[in-house]
Amino acid sequence: MAVIEARGLVKAVGTGRAARRVLSGVNLSVDAGEVVAVLGRSGSGKSTLLHLLGGLDPPDEGEITIAGERLTGARARAQDRIRLGHIGFVFQQFQLIDELSGRENVLVPTRLPGAPAGGVRRAEALIDELGLRAVAAHRPHELSGGEQQRFAIARALVNDPEVILADEPTGSLDAANGATVLELLAHMTGRAVLLVTHEPEAAAIADRVLTLEDGELVGAGAGAQRR
Amino acid sequence: MSATPGGGSRGRRRRFGDALRMLARSPRRALFTAAGVLLAAAMLSAAVVITDGLGGGFARASARADLGDLIIRFDPESARTVAAKLAALPDVSGFALRSEITSVGVRFGAHRSGTAVAEVLGPGRRQGFAVVAGHRLPAGGAPDVLVETAWAQAWGIAIGDELDVRGLGPERVVGYAEGPDDVGYPLGAPRFYLTRAQLVARFGIPTVGPVNFAEVWLRDPRLVDEVLVQARDESYGLRGLKFSTRAGVQVLISQAAGLVIDLLVALSVIALVTAAVMLGAAARAEVQRRLRSIGIRRALGAGRWALAAGQGLEVALVAVPAATVGTLAGFLATHGASGRLLSLLNEPAPGAGLILPLLGSWALSVAVPVLGAAWPAWRVTRGPVIGLLRGTDVATSRPRFPWPARGGGGLTGLGVRLVAARPARLVATVAMLASSTAFILLMIALAGTLSSLETDPQELGKRYELTAAAPAAAAARIARLPGVAAAEPRYELTAVDAYELGELVDVVAYPRQLSRFEAPPLAAGRRPHGADQAEVGVGLADALGLAPGSALLLELPSGRQLDLRVSGTVNSLAYEGLVAYLPAAVLLRADPAAPEQIAVLLAPRASTATVSAEMRRIGFPPTLTAGAVARGAPLVAVLTTILRAVAVLDGLVCLYALLQACALTVQERRSTVAVLRACGASPGAIARLLSGAVVTLIAPAAALGVLAEAWLLGPALARLAAGYASLDLAPTRVDVLAVLAGLALAGAIAVWAVTRRALAEPVLAGLAR
Ligand SMILES: Nc1ncnc2c1ncn2[C@@H]1O[C@H](COP(=O)(O)OP(=O)(O)O)[C@@H](O)[C@H]1O
Ligand SMILES: [Mg+2]
């Protein structure tokens with residue numbers, strides 16, 4: 001069943017004469033348990049697409065459904081709730097909160113009002129699973145890039161979302177740490193993972209590879225390159 | 001300037017345009033800056049007005065009035081004798097003699113008073129008071145007088161009007177006078193001045209007669225202490241001597257004003273520092289945001305000075321009008337009241353002398369924020385240009401929570417940590433909020449105490465609510481009325497201390513239940529027991545050197561003497577504490593005709609109106625018991641106006657500080673807020689985060705403020721209050737709760753407003769790096 005469902009997404013950036021269509025009619029459907037990589041040159045609109053799918057930015061046209069809930073047209077609070085319960089973000093810059101330890105960063109989404117129950121238990125399990133127990137009390141500036149990104153991934157997973165949206169998750173990491181992170185993303189059983197990258201190696205772990213070119217997803221045919 | 005590309009007037013004009021454009025791009029930021037500068041400027045100028053007015057008032061007044069260095073009061077004595085004694089003193093450059101006559105009856109229109117003071121002047125131009133309007137008294141025998149300004153204002157006496165003086169008939173008012181050695185009406189008695197020459201011409205009395213007042217000028221005022229010693233030695237033969245020096249009067253006045261002034265100055269300085277810290281932080285965040293553009297301009301050859309000046313100019317464009325409005329607002333809020341206060345104290349308003357200090361406070365309110373804004377740009381451009389282009393962090397010290405991370409990553413806790421990550425700002429904001437809390441609490445306590453003195457007889461130890469002019473025999477009938485708990489005759493008369501014949505003593509007596517009707521707090525000793533015992537006010541005890549066990553001999557108007565023993569001293573505000581309470585039997589034995597009335601104590605929850613109606617019905621119309629400072633009401637009103645104006649300003653500065661602290665936290669940590677929102681944080685979650693931040697600021701401030709008032713400010717002010725009474729300047733629990741609620745409300749407003757503002761920003765704007 002498709003957990004991410006996007007139809008006819010159009011997005012322009014800039015205003016006036018500088019306005020430019022970054023996405024011009026993107027269709028995308030990702031099933032649970034599927035890892036999809038989106039490749040594209042820098043500036044091709046990959047991040048923009050991810051932001052639309054995560055409800056961080058509204059599309060100019062088109063519809064998005066996440067885990068069966070309409071994202072487009074929903075009220076801001078409903079969008080917040082969808083992000084809280086169904087979506088986990090992983091960013092290139094990790095975006096950990098400086099004042100909190102690694103463990104506390106993982107716990108943040110479980111403390112938001114409306115978060116699903118059992119968050120603390122899942123957080124501790126994830127910290128163990130991702131091999132972060134020894135550094136759980138460290139602050140972000142005391143952690144290596146690879147450790148930071150693993151904490152960020154644990155944070156994305158802590159509310160047990162159906163969808164993981166990862167924007168260049170290995171972009172700030174060396175090869176070895178990058179490989180570890182990709183390994184983790186490749187083995188997220190039962191979740192839909194959308195991995196945006198401009199590094200072809202990252203695509204190797206994907207079940208399906210799409211390319212964003214001139215505002216359109218190429219190779220996005222239904223079930224193309226299915227494993 | 002030489003390093004600036006396109007220097008000269010063209011470059012300057014362009015920079016001006018740049019700064020304007022930048023402002024127009026972020027109007028909200030400009031508005032916030034303006035609000036901060038405006039409030040700090042208002043606070044500062046209010047402090048300047050009050051400090052300059054009160055602090056310099058006496059100096060101005062005594063200079064204008066040419067007040068003598070030494071003022072001597074004594075029992076009436078021939079002017080020739082006194083003049084001879086004064087002439088014998090060393091270093092005297094001149095003196096003026098007059099006769100001060102008290103309890104003069106005066107009438108003007110519907111106003112009348114029996115307690116006016118007539119100053120009958122001897123010859124000489126130098127008199128120690130200032131004629132502030134109209135002209136001086138003519139040398140001849142015309143029926144002309146000068147009246148004191150504060151009195152004239154209170155009664156609406158114009159120059160040219162006629163004042164009816166008992167024994168003299170109509171006197172023409174030819175001018176207004178102010179003598180700074182005494183306070184004006186209604187704080188003091190109504191005072192007017194006339195020449196002895198007038199009385200000589202009209203009544204044929206001798207040109208030289210008795211005087212009881214001398215004002216002495218010295219060649220070298222620094223020698224006043226030596227002269228004072230000499231004067232005491234030379235003054236044999238003069239009775240009832242009382243010396244005061246100009247310096248002594250000044251100390252008395254400046255001491256009272258001192259605490260208020262210190263408080264205001266401290267408060268306004270803290271307000272300014274807070275505003276500067278906030279504006280500096282905002283400027284730093286702004287510079288951080290523009291790092292790359294600054295780097296590019298730097299790479300193109302823009303000088304450090306020019307870049308810093310550009311930032312400063314941007315704030316100056318806002319600060320100049322804001323500081324102008326703020327300075328004017330602070331001035332307007334306090335000027336009128338401060339002027340009225342000064343006129344009550346017989347002191348002139350500073351007038352044009354205020355312009356320079358106000359300009360100074362205006363300049364400070366502009367300079368501090370401008371420098372605060374220019375500094376981060378100056379600092380950031382210190383390093384190599386390439387660092388700027390890469391967008392290296394300005395602050396090498398990234399904000400971090402200084403203590404070990406512990407706990408569960410809750411939102412409130414995170415808010416606490418975000419605020420604690422900026423210790424300097426935290427301390428400045430908490431200090432600001434704490435001192436404001438203490439100040440507002442003090443003012444509420446002060447206003448409460450003052451107005452209860454005015455209306456609540458209990459403050460004076462009077463517990464009865466009503467009195468009626470009725471014979472003692474009527475007490476039993478009145479006591480039986482519904483709503484009356486007790487009624488007893490109350491005897492009151494004025495006696496004189498029989499040893500010195502100097503002090504007037506108010507004598508109050510009840511047949512049985514003195515402490516039930518009238519019980520000012522006991523300061524020492526115990527309540528009177530036995531036939532010859534009396535309790536006396538602390539004022540009287542001080543004046544006559546009495547202590548429990550001392551003997552007190554009073555002379556009654558009837559000529560009989562009262563031989564008493566002091567059982568205890570009490571804190572009574574009535575009659576400046578010159579009061580003795582004793583059993584009625586003792587008083588009636590000495591003076592069976594002592595004036596009596598009936599004091600009526602109401603039953604709990606009985607209404608004065610109902611009981612009054614009952615008493616009128618049986619023929620004894622009552623009056624409400626009045627407080628002692630009814631005459632001080634205008635002073636209370638003026639003080640309250642001043643304090644209230646400052647309190648309102650102060651409250652606004654608090655709100656601003658909280659808003660700005662929250663806004664800065666969100667601005668600096670916008671990526672944190674954005675991450676939270678990307679994780680699905682609702683508006684409520686962001687509000688919770690900010691609540692943590694606000695509580696970190698408010699909670700210690702509230703605690704510190706309440707403690708500071710209770711342990712420092714309150715006791716300090718109470719100590720300064722008149723020594724004959726104890727003023728309890730502790731705010732009630734309700735006051736404390738109200739102030740804390742106000743603080744919480746300000747915090748809630750800050751959380752609400754900043755949450756709204758944070759949510760208005762797209763999540764992506766915060767995530768972008
Ligand atoms: N807020 C914005 N305003 C103007 N242009 C933008 C904005 N955000 C992104 N862009 C432009 O949109 C295009 C796509 O950006 P992005 O989705 O970040 O590309 P990618 O992630 O593929 O590198 C780029 O040309 C970028 O410059
Ligand atoms: Mg991108």
Side-chain angles (χ1 to χ4, degrees), chain A residues 13 47-48 50-52 54-58 76-115 119-120 123 136-142 152 155-156 158-159 161 165 167 172, chain B residues 391 393 395-422 665 668-689 691-693 696 756 758-769:
Chain A
V13 296
S47 295
T48 306
L50 220 56
H51 295 151
L52 298 189
L56 300 182
D57 203 10
R77 304 240 172 155
Q79 292 193 353
D80 292 341
R81 220 181 39 245
I82 293 173
R83 276 205 297 278
L84 181 63
H86 304 300
I87 301 175
F89 273 104
V90 179
F91 303 99
Q92 178 179 351
Q93 303 289 349
F94 323 137
Q95 305 278 15
L96 295 180
I97 294 171
D98 287 333
E99 280 74 14
L100 302 180
S101 68
R103 176 174 173 274
E104 288 169 333
N105 266 287
V106 176
L107 283 170
V108 161
T110 71
R111 294 303 194 89
L112 295 175
V120 178
H138 290 209
R139 299 261 192 76
H141 68 277
E142 300 163 333
R155 180 176 67 187
V158 75
N159 278 339
L165 301 175
D167 192 353
S172 301
Chain B
D393 213 297
T396 38
S397 59
R398 278 234 326 255
R400 286 194 208 297
F401 185 68
W403 304 307
R406 205 169 283 149
L411 290 166
T412 320
L414 180 56
V416 173
R417 292 184 197 191
L418 292 186
V419 169
R422 290 291 190 196
T665 303
E668 284 170 353
R669 313 314 312 273
R670 61 210 290 252
S671 69
T672 299
V673 174
V675 168
L676 288 175
R677 293 175 67 195
C679 288
S682 58
I686 303 299
R688 203 180 292 178
L689 173 84
S691 304
T696 313
R756 260 184 54 132
L759 292 174
E761 188 182 66
V763 181
L764 285 181
L767 283 177
R769 279 252 169 178

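The figures here come from the full heavy-atom set of this structure, side chains too, leaving out hydrogens, waters and symmetry mates. Below, chains carry the letters A, B, ... as their sequence lines are ordered, and counting in each starts from 1. All values reported here derive from a predicted model rather than from experimental measurement.
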State, to 0.1 Å, how close B:Arg677 and A:Arg83 come at their nearest heavy-atom pair, and which atoms those are.
O-NE, 2.8 Å
Does some side-chain heavy atom of B:Pro683 sit less than 4.5 Å from a side-chain heavy atom of A:Arg77?
yes
With heavy-atom distances below 4.5 Å as the criterion, would you say the side chains of A:Asp98 and B:Arg669 are in contact?
yes
I need the A:Glu99 CD to B:Leu414 CG distance, nearest 0.5 Å.
7.0 Å
Go through B:Ala685, B:Gly413, B:Ala674, B:Ala678 and name the one with the most non-hydrogen pairs under 4.5 angstrom from chain A.
B:Ala678
With a 4.5 Å heavy-atom cut-off, do A:Glu104 and B:Arg417 have their side chains touching?
yes
Okay, B:Leu676 and chain A: the region with an atom under 4.5 Å from a heavy atom over there is both
Looking only at A:Pro109, A:Ala115, A:Pro113, A:Ala123, the option with the highest number of non-hydrogen pairs under 4.5 Å against chain B is A:Pro113
From CD1 (A:Ile97) to OG1 (B:Thr672), nearest 0.5 Å:
5.0 Å
How close do A:Leu112 and B:Cys679 get, counting heavy atoms only, and between which atoms?
CD1-O, 3.8 Å
Can you sort out the partners of A:Ser47 under side-chain hydrogen bond (donor to acceptor under 3.5 Å, both in side chains), two or more places apart, ordered by chain and number?
A:Asp167
Of all heavy-atom pairs linking A:Gln95 and B:Leu767, the shortest is NE2-O, 3.2 Å
